[in-house]
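A short write-up of the structure that comes next.
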There are 2 protein chains.
Amino acid sequence: MEASGKQRPTMADVAAKAGVSRALVSIIFRGRPGASQETRERVLRVADEIGYHPDSAARLLARGRSRTLGVMFTVHQTFHSDLIAGIYPEAERLGYDVLLSAATHGRGEAKAVEALLSHRCEAVILLGSGAEAAYFDELARRAVTVSVSRRTPQAHVDFVHSAEGKGVRQAMDYLVELGHRRIVHIDGGRGPGSAERRRAYRAAMRRHGLEAEVRVIPGEHTEESGIDTGRLLLAERDRGLPLPTAVLAGNDRCAWGLLMTLTRAGVDVPGDLSVVGYDDSHLSHLMPIGLTTVRQDAVLMAEHAVRFAVERLEHEGAEPREAVLDPKLVVRGTSGPPPGGSA
Amino acid sequence: MEASGKQRPTMADVAAKAGVSRALVSIIFRGRPGASQETRERVLRVADEIGYHPDSAARLLARGRSRTLGVMFTVHQTFHSDLIAGIYPEAERLGYDVLLSAATHGRGEAKAVEALLSHRCEAVILLGSGAEAAYFDELARRAVTVSVSRRTPQAHVDFVHSAEGKGVRQAMDYLVELGHRRIVHIDGGRGPGSAERRRAYRAAMRRHGLEAEVRVIPGEHTEESGIDTGRLLLAERDRGLPLPTAVLAGNDRCAWGLLMTLTRAGVDVPGDLSVVGYDDSHLSHLMPIGLTTVRQDAVLMAEHAVRFAVERLEHEGAEPREAVLDPKLVVRGTSGPPPGGSA
DNA sequence: GCGCGCTACTAGCGCGCTCTAGTGCGAGTA
DNA sequence: TACTCGCACTAGAGCGCGCTAGTAGCGCGC
């Protein structure tokens, strides 16, 4: 057990010790027919004894295919964690390996993706990528590419996202029905889905005859953004302006920041103001009074993404596809009728 | 651009097109001396033209060393995100690649680690592992192993963690000095560092002559745990029992859940009750009034972990080491004097 | 002219595995 | 007996690289 004498045993070691050929060991480890039951058991036992574990790198090099999916995600994006949790089981079910690479501050998406590609991922699944169509296309030339959440219609890759419009519409209809009129939207800037959500918000307001009340506050998909907006609204209130009666946040993280800020300042949610999020990331049902939010089913989205990738890999020449999942409004504790029964 | 004609170009392609040998291309891509400036530029240009990118799998197989660090983390653990963000730059600085593998519900640590190992990671960095000493030892035989946050003294691996005792002591001294006496601790169950924190809490209470007030509420390092505790305390209050004046949570996530629950129920933090977290994960300064917490410097911890791994890899036979970083109490908005000036 | 050192480059083996094209052998068939 | 067939197993090429041990060519000193 010296610190660094870690000579990994190889197939040849197993073969020698079991008194068979290397090829047979390979057959056995791949679970192919062509070995008798006894030999199979003996070889596996020997392998276990000497601590043999197959080497993916060599395996992956030897067969042309790597059967590996690369996933690019952004650190601290809670919804990405939900997606990752859904990707693993589906990939495993289909016999694929998963490699993760994170984009962080100082390590851009491109770098994260490059790492995946250089490890021979056959397909890349991008979670909430902020890249442009040209980049998607370039990527598509190198590997099967699936973009989750971010839709860039021009690009020649698979997309999985939810029908942002429908989600927003449900939320808006719900709020209006409760009597809200002063409904503000914090948008997600260049974040995935933001443009569609913003557009749907505007459309819904118009449809309900509330165009005069339309107000989009620029934001991001971060807690900071919600906090900033909270401060902004409180400052306005202190200057005598009325608070909105409902806020549709860009995503759950933003809603959360807003909620914290307002609640701490004594604003009663949902008594004084309703807050609706977007994503239904695992945080939202954790909030003590659950967050009313538009649910994107992370597991379903993850499964679609994996399946798209695998199908494109296994059936050559398939055209890129798009999965548009129906989001669903989940009413929890942060929403209710506006103060005074109507705005 | 057919969907799946992705024949990656190889070194041989570059060599042929540039009219040099494969070996020279290799030299150039490794940045070794032995090629003239012009040839270097020409080859790189050609490589770029045909879209050549080196293949890690082959590279890794060819040189014995993979120069790859594997990182096992748990999905949804915010602090792990902070650590990951710190690991990348340090690894890159030292010329190492990083592979991530997540443990999720249904995909245990062992599985996540196995994936890393099979991709030939030379070292494994475990973030907040819940494994036992025996597992660490077995792992240590297969690869250099560094455990972050979780300390298991018996095991023959490197450890990076913070001086839990010191951190808790600082927090407790601070609270007591403010006049708190009814200080409750929500522990982290089997979570990393919990045992030490619990012990330190008890010791501090005793040292301040408050053993009669010692109260440890069993918990976990999750938001749920904080929420549950919050409900428990509120229920007690409703039955006429006094609230504690301060709560030392197991980590920030737990503190957060508690904070949400209490705040929503109208408890004034820090007026009625102070809350202190642990970790200083990026959430804590995001809370509208920042969370008073014990700061573990994620970046520093990450750097230590990477350096430990690399040093063990490059200097054979080095003995396992332990880095104990000093945590530091960060006083923000969730703590203050107890109601009435003293408990 | 010769050996010397230096730079610029090449030949070819081997990393640990997969996979195609086999070989040997006993049972079944005519 | 001669043959085919199927099963259990093996030989060996090759995946894309890294790397050691070279070679070719050139300027230099004597």
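Source: prediction; values computed, not measured. A note on names: the letters A, B, ... follow the listed sequences, proteins ahead of strands, and every chain is numbered from 1.
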Taking only the side-chain nitrogens and oxygens of [X], find out if one of them lies under 4.0 Å from OP1 or OP2 of [N].
X       : N      : value
A/Ser56 : C/dC17 : no
B/Ser26 : D/dC17 : no
B/Arg63 : C/dG14 : no
A/Ser36 : D/dC9  : yes
A/Arg40 : D/dA8  : no
B/Ser21 : C/dA11 : no

Give a yes-or-no answer on whether the side chains of B/His119 and A/Asp97 include a donor-acceptor pair shorter than 3.5 Å.
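Yes.
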With no hydrogens and no angle check, just 3.5 Å: does a side-chain donor-acceptor pair link B/Ser101 and B/Arg107?
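Note: B/Ser101 and B/Arg107 side chains meet the donor-acceptor criterion.
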Rounded to the nearest Å, what distance is computed from the [atom1] atom of residue [X] to the [atom2] atom of nucleotide [N]?
X       : N      : atom1 : atom2 : answer
B/Asp13 : D/dG16 : CG    : C1'   : 10 Å
B/Phe29 : D/dC19 : CZ    : C1'   : 17 Å
B/Arg32 : C/dC9  : CZ    : C1'   : 16 Å
A/Ile27 : C/dG22 : CD1   : P     : 16 Å
B/Arg42 : C/dA8  : CZ    : P     : 13 Å
B/Arg59 : C/dG16 : CZ    : P     : 18 Å
A/Arg30 : C/dC17 : CZ    : P     : 12 Å
B/Leu24 : D/dC17 : CG    : P     : 15 Å

Considering only heavy atoms from C-beta outward, does the side chain of B/Leu313 approach that of B/Leu69 to under 4.5 Å?
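Side-chain contact under 4.5 Å: yes.
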Return the nearest nucleotide to the side chain of [X]; candidates are [options].
X       : options                : answer
B/Ala62 : C/dC17, C/dC15, C/dT10 : C/dC15
B/Arg22 : C/dC13, D/dT10, C/dC17 : C/dC13
A/Val20 : D/dG18, D/dT10, D/dC17 : D/dT10

Heavy atoms from other residues, nucleotides or ligands near CD of A/Glu114 exceed 12 (cutoff 6.0 Å):
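Atom CD in A/Glu114 is packed in, count exceeds 12.
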Using a 4.0 Å heavy-atom cut-off, does [X] contact any base of the nucleic acid, only the sugar-phosphate backbone, or nothing at all?
X        : value
A/Pro54  : sugar-phosphate
B/Ala23  : base
A/Arg120 : sugar-phosphate

Please tell me which of A/Ala57 and A/Gly64 maps to the more 5' nucleotide of DNA chain C, matching each residue to the nucleotide holding its nearest heavy atom.
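Checking each residue's closest nucleotide, the 5'-ward one belongs to A/Ala57.
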Report the residue (A/Leu60 or B/Leu61) whose heavy-atom-nearest nucleotide on DNA chain C is the more 5′ of the two.
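Mapping each residue to its closest nucleotide by heavy atoms, the 5'-most match is B/Leu61.
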Measure from the ring center of A/His76 to the ring center of B/His282 and say whether it is less than 6.0 Å.
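Yes - the distance between ring centres of A/His76 and B/His282 falls below the 6.0 Å cut-off.
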Run through A/Leu44, A/Val20, A/Thr39 and flag the one making a side-chain contact (heavy atoms from CB on, under 4.5 Å) with A/Val25.
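Single pass found, and it is A/Val20.
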With both distances kept under 3.5 Å, what pairs with C/dC6, Watson-Crick or G-U wobble?
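Pairing partner, where one exists within any strand: D/dG25.
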